[in-house]
Structures are given as structure tokens and as C-alpha cells.
Visitor: 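Below you will find the structure I want to go over with you.
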Amino acid sequence: MSWAHRNIFVPADLAPLARMLAAGLSPAGAGMLVVGASPTTAGPATYFISSGPIQPQFAAAIADPALLYEAAVAAGVMVTFEDCVELVSRSDVSTDAPRDALARLGLVLVDVEAHE
Amino acid sequence: MMPIAAMRMRRPAPAASLESQVIDLFGAGTYAGAMYRAGLDTVFQDDAGATPGAVDQPGGRILDLSGNVRHQTQTTATARPYLRESGGRWYLEFDGVDDFMVSAFAPSMLGNTVHLFMAQNTTAGAYASQVLNFCVRVGNTHYAGLGVRQSTNAVLAQVREAAAPPSTTRITAGGAVTPGVPHVLHAAVTPTAIELDLDGASQGSTALSDPVGTGGNASIGFQTAFGNGPLYGYSAYGALAIRRDLTTDQVALVSAWLASLAGVSL
């Protein structure tokens, strides 16, 4: 199997929708987008981030509302085409390393478990 | 002149020999714990172990070599580290965002000294917070881990209660680690104290402010950055946790095995 690296930022208000979609499209999508990012460490999270390998068909789908909607329908995930348009248009998806993507958007990680 | 074949037979195979000796420390599963080494023969791309590992591909499963069947897995695709190779050395690269791997719960690690070992290097110079790159739960509420501390970039060993950070007891090594330079860490944890070695050199011992209680289940796992701020990532060459007393020579043996994986001079 070949994988595609993607760094994905989803706006915080769309994160529940994105999580539902990710989990519905593949079991390997469950648990995504749980780490917050914000312009400051004080937060709150304005985006949620996932970074790493995903299956190529999902890499294509998260860049194209039509493909995303088609995949969601095929998987039985209850979303509208408008949902998919908003998710794709407002998210930041790149092949960047997470450090580079955070710097490009001026974000830092927040609201993850602190062990200090 | 000695035949070439004989020379080959007599040539030592340090890494394999060391690994075999380290595996023997588990006594065929007599002693609780787990043992990991990054490599094509130990890492699978998926959590089920169906797709063999490959360089620059994700690691969804890493085999426990100890015989205790505590294979670590990650079901979420984007939370899987990448398996990398450089200069003939293999490691799992954790991104500092969301990557981690865990094993299934197993009987408590408490009851003897718990030894934790890890060969790792850091991949960023500004750490998110203190992070525990290799952890094991040692009782109902406590876990012990090895990692790097916030801002000082110093390696650390730590015991804390899962739900009560103020009870954290930790030892921090004196010197900062340099990103990209591998190190071998070792911590020995008893119910009342923790001690730390860095590359074979003792960093001292500290009594626990909150002694480890009895009971509970043990989980073992590679963790990643936790905490607010800049990004932190690290590479794991190998790690080991074992619940038994070890002699100085046995500690040196495990350290030598990990050093051979990461290219560390002890």
C-alpha cells in the first residue's frame, strides 16, 4: 500500500463534522483532528490539526468537494454537498511537514494534555 | 591461512548477539515488560500487521520482541509515525503533533524495580513541554517515562500520577541534548524512588513524593509531544521496559544493545 502525507488544518467550528466524516470514511480516520492549534499558546483552538500518512483516495477527496461528497455517500456518512464544499474551502491541506505548516499559518499547538 | 568461511563464522555479529542476550533477560516471558526495535522485520504499516514495513512508510504496528506479546499499535492513520532509515540505522519518527503508539493493557508492572530504556533523538530544538517518549503504567494511578524537559532541552525520567500532576517526581539530566544527536536513556523505578542514566552515566536518584501504589494494569507506549507551544518531535530507535531487578552488567547489556541501534558511544 502506498500512502500520501498530508498536513490537515480544519477550522474549530467544522472539526466535529470533519471528525465524523473521517471516522465514517475509514476506521483509520477515527481519532483524527483532536490536537488544537491557535495563534497563541493561550488559545482557544481556532483549528484542529492532523498530520501524517493517509490513503491516496482520501488525499484526493479532501481536496475536492465532489469527490469528498461521493465518498461520503458511498460510505453512508450523512453530510450534504454544501458541507463538503465548506469543509474543503475553509480547511488548509498541504504536503508540508507540520512544523512548516504551523509556521506558514502562524499557529502553535494548544489544548493538548500538559504533562508539566 | 584461515579459510574465509571460517573467518565469517568466527566474526561476531554484535547487534544480533546483543539482542539475543537482551531477549533472554525476559526469561521467556517470566518477567513482565516489552522490547522494541525499529526495523523492516519489526514494523508493519498497518495496525493489524498485514502490510510489512517499508522505509518512509507509516508504522502502524511494532512488534514486542520480549515474548510478552505487547505489540504497540496505532489505529488512526495520521497518528502513525514514519519508519525511517539513515546510515543503516532504523527509527520511528514521531511528528510531535499527534503521533503515538500503545500496547494493550497487561498485568501491573509494579512489584519489583521497573527498568525503562530508550534510544532516541530529538528532532526539534524548542520543546512543547516536558514529554515522555516512552512510558509504562506502573500501578493504579502512576506511570513512569523517559523524555525531554521543556525549555532546558534536558533528558528526564519521571514518575507521576495520571490525574494529579502536582505529585510528579522527576529527575532531569544535567546537560541539554542536541537535536539530531541520539542518546540512550535508562531509568530504574521502585515504588519509592527513581534514578536516571544518560548514555551510561548516572544522573542520580530521587525519592518519589508520592510512592507508587499497588494494583492496576500496565500499558506501554511511545508518546509524543504534549503541551502548549512550539512543536516537538523525536525519533525512536528502540526501547525496553522490564519488571525485574537487573545487575549493573545487565543494565550495561541493554544499554549497549540500544547504543548499537542508535550509534551512541557509551
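Residue numbers start from 1 in every chain, and the chains themselves are labelled A, B, ... in the order their sequence lines are given, proteins ahead of strands.
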Visitor: Taking only heavy atoms into account, what residues of residues 20-30 of chain A are found under 4.5 Å from chain B?
Guide: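 When heavy atoms of chain B are the reference, residues 20-30 of chain A contributes Pro27(A), Ala28(A), Ala30(A) within the under-4.5 Å range.
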Visitor: Taking all non-hydrogen atoms of both residues into account, name the closest pair between Pro98(A) and Val97(B) and its distance.
Guide: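 Closest approach of Pro98(A) to Val97(B): CB-CG2, 3.5 Å.
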Visitor: Which pair of non-hydrogen atoms, one from Ser51(A) and one from Asp95(B), has the smallest distance, and what is that distance?
Guide: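 The pair with the smallest heavy-atom distance is O-OD2, 3.0 Å.
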Visitor: For residues 61-73 of chain A, which residue pairs qualify under side-chain hydrogen bond (donor to acceptor under 3.5 Å, both in side chains), counting only residues two or more places apart or in two chains?
Guide: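 Residue pairs with at least one partner in residues 61-73 of chain A: there are none.
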Visitor: To the nearest 0.5 Å, tell me how far Ser50(A) OG sits from Asp98(B) CG.
Guide: 5.0 Å
Visitor: Most heavy-atom pairs under 4.5 angstrom with chain B, which of Ala103(A), Ser38(A), Ala97(A), Gly31(A)?
Guide: Gly31(A)
Visitor: How long is the span from the CG atom in Asp56(B) to the OG atom in Ser2(A), to the nearest 0.5 Å?
Guide: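 Result: 13.0 Å between the selected atoms.
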Visitor: Distance check, rounded to the nearest 0.5 Å: Gln57(B) atom CD versus Trp3(A) atom CH2?
Guide: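 CH2 of Trp3(A) is found 8.5 Å from CD of Gln57(B).
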Visitor: Any non-hydrogen side-chain atom of Ile54(A) less than 4.5 Å from a side-chain atom of Thr78(B)?
Guide: yes
Visitor: If every non-hydrogen atom of Pro58(B) is compared with every non-hydrogen atom of Pro53(A), which pair is closest and at what distance?
Guide: CB-CG, 3.3 Å
Visitor: Looking at Tyr47(A), I want to see if its OH is surrounded by more than 12 non-hydrogen atoms of other residues, nucleotides or ligands under 6.0 Å.
Guide: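 No.
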